[in-house]
Colleague: 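Here you go, one structure.
On a predicted model such as this, the values are computed, not experimentally measured, just so you know. The sequence lines fix the lettering, A, B, ..., with proteins before strands; numbering per chain opens at 1.
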Amino acid sequence: MCSSLELAQKLLGTYLVKSDSNFVIAGEIIETEAYDQFGDEASHSFRGKTKRNDVMFRSGGYLYVYFTYGVHYCCNVSADKEGRGAAVLIRGLKPLTGIDEMIKRRYSTNKVTEKQKANLVNGPAKICQAFNINMSNNGLDLLTENIYIARGNLDSIYSIKASQRIGISKSKDLLWRFTADV
DNA sequence: ATCAAGATTACCT
DNA sequence: GGTAATCTTGATA
């Protein structure tokens, strides 16, 4: 598996999919951030392996879920090789399938304003809420389980824009946030 | 044992 | 633009 920097860009345009018993929900990944063990003080893995960040140190393709601010879950895809603490935070999606289900989970109603619709999955914790991803999914193998990444329509190639990562205080200068521009 | 900070969000002015 | 909500982790003693 490639580095987190590389993976963060490769994931743009792919689909994050979760199949539950009665439905499938999916969104196209349009915003990501790379985190790495070395040279990146903002990374959970910067000070080495712990119980919490263990999944970051696995080889690429595992789901790393963490709980933060006492409220929110965020999900990442582990990157790089075994022993290297690297991952990509999924920050933004374009809703594709199972939108009603996402709305229900986010707003516990099926009637929403345009504004709410626009804010459905445009943040890492919002995605976890809409997909019902939590610590029980931490360490899940994205190759064999009910949450996975699907290759999208290759026609939809965006220009990739790099920028500063959101919500961090250290290593702010790194341009490791990637967005898909139409 | 204690404590500060946190890869966020929603709601307020 | 500011802030409360809310709790776990990791660092320090």
Colleague: Please list every donor-acceptor pair under 3.5 Å in which a side-chain atom of residues 129-139 of chain A meets a protein atom from a residue at least two apart or in another chain.
Modeller:
from, atom 1, to, atom 2, distance (Å)
A:Q129, OE1, A:R106, NH1, 3.0
A:Q129, NE2, A:R105, O, 3.3
A:N134, OD1, A:S136, N, 2.9
A:N134, OD1, A:S136, OG, 2.6
A:N138, OD1, A:V65, N, 2.9

Colleague: Just to verify, what does A:K126 make a salt bridge (charged side-chain N to carboxylate O under 4.0 Å, His left out) with, not counting sequence neighbours?
Modeller: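 Salt bridge (charged side-chain N to carboxylate O under 4.0 Å, His left out) check on A:K126 returns nothing, list empty.
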Colleague: Tracing side-chain links under 4.5 Å among I, L, V, M, F, W and Y, which residues wind up in one group with A:L175?
Modeller: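 Listed partners: none, A:L175 stands alone.
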Colleague: Taking the side chain as every heavy atom from C-beta outward, state whether A:V17 and A:I149 have any pair of such atoms under 4.5 Å apart.
Modeller: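 SC-SC contact between A:V17 and A:I149 ruled out.
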Colleague: Heavy atoms under 4.0 Å, any strand shown: does A:R177 hit a base, just sugar-phosphate, or nothing?
Modeller: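 No contact.
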Colleague: Which residues satisfy the side chain to side chain donor-acceptor pair (under 3.5 Å) test with A:Q37, sequence neighbours excluded?
Modeller: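 Here no residue qualifies.
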Colleague: Give the dot-bracket line for DNA chain C from 5' end to 3' end: parentheses for intra-strand Watson-Crick or G-U pairs under 3.5 Å, square brackets for crossings, | for inter-strand pairing, dots for unpaired.
Modeller: |||||.||||||.
Colleague: Roughly how many Å apart are B:dA5 and C:dT3, using the P atom of each and rounding to a whole number?
Modeller: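 Between the two P atoms, the distance is 16 Å.
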Colleague: With sequence neighbours excluded, give me every side chain to side chain donor-acceptor pair (under 3.5 Å) pair touching residues 74-91 of chain A.
Modeller: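 Applying side chain to side chain donor-acceptor pair (under 3.5 Å) to every pair that reaches into residues 74-91 of chain A, excluding sequence neighbours, yields A:E31-A:R91, A:D36-A:R84.
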Colleague: Are A:F57 and A:V77 connected, step by step, through hydrophobic side chains (Ile, Leu, Val, Met, Phe, Trp, Tyr) whose heavy atoms are closer than 4.5 Å?
Modeller: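 No: no chain of side-chain contacts under 4.5 Å links A:F57 to A:V77.
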Colleague: For nucleotides 4-13 of chain C, just jot down a letter per nucleotide in 5' to 3' order: B, S or -, based on protein non-hydrogen atoms under 4.0 Å.
Modeller: --BBSSSS--
Colleague: Is the shortest heavy-atom distance from the side chain of A:Y158 to the side chain of A:T179 under 4.5 Å?
Modeller: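 No, their side chains stay 4.5 Å or more apart.
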Colleague: Considering only heavy atoms of chain A and a distance under 4.0 Å, specify the first and last nucleotide of DNA chain B in 5' to 3' order that meet this criterion.
Modeller: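 First-to-last contact on DNA chain B, by the 4.0 Å heavy-atom rule, is B:dG6 to B:dA10.
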Colleague: Spell out, as yes or no, whether a donor-acceptor pair under 3.5 Å connects the side chain of A:Q9 to the backbone of A:F178.
Modeller: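 Side chain of A:Q9 to backbone of A:F178: no pair is present.
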Colleague: Under 4.5 Å between side-chain heavy atoms, chaining through other members, with only Ile, Leu, Val, Met, Phe, Trp and Tyr counted: pull out the rest of the cluster around A:V71, sorted by chain and number.
Modeller: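 Result for A:V71 is none, singleton.
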Colleague: Are side-chain heavy atoms of A:I168 and A:Q164 found at a separation under 4.5 Å?
Modeller: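 Result no, sub-4.5 Å side-chain heavy-atom pair not found.
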Colleague: Residues in side chain to side chain donor-acceptor pair (under 3.5 Å) with A:K49, at least two apart?
Modeller: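 A:K49 satisfies side chain to side chain donor-acceptor pair (under 3.5 Å) with no residue once adjacent residues are dropped.
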Colleague: Check DNA chain C against residues 119-141 of chain A and give the residues with a non-hydrogen atom under 4.0 Å, in numerical order.
Modeller: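 Those residues: none at all.
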Colleague: Just call it for A:I168: base, sugar-phosphate, or nothing, with non-hydrogen atoms closer than 4.0 Å on any strand.
Modeller: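 Here A:I168 touches the backbone only, sparing every base.
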Colleague: Using the side chain to side chain donor-acceptor pair (under 3.5 Å) rule, collect all pairs that involve residues 62-75 of chain A, keeping only residues at least two apart or in two chains.
Modeller: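 Only A:H44-A:Y64 qualify under side chain to side chain donor-acceptor pair (under 3.5 Å).
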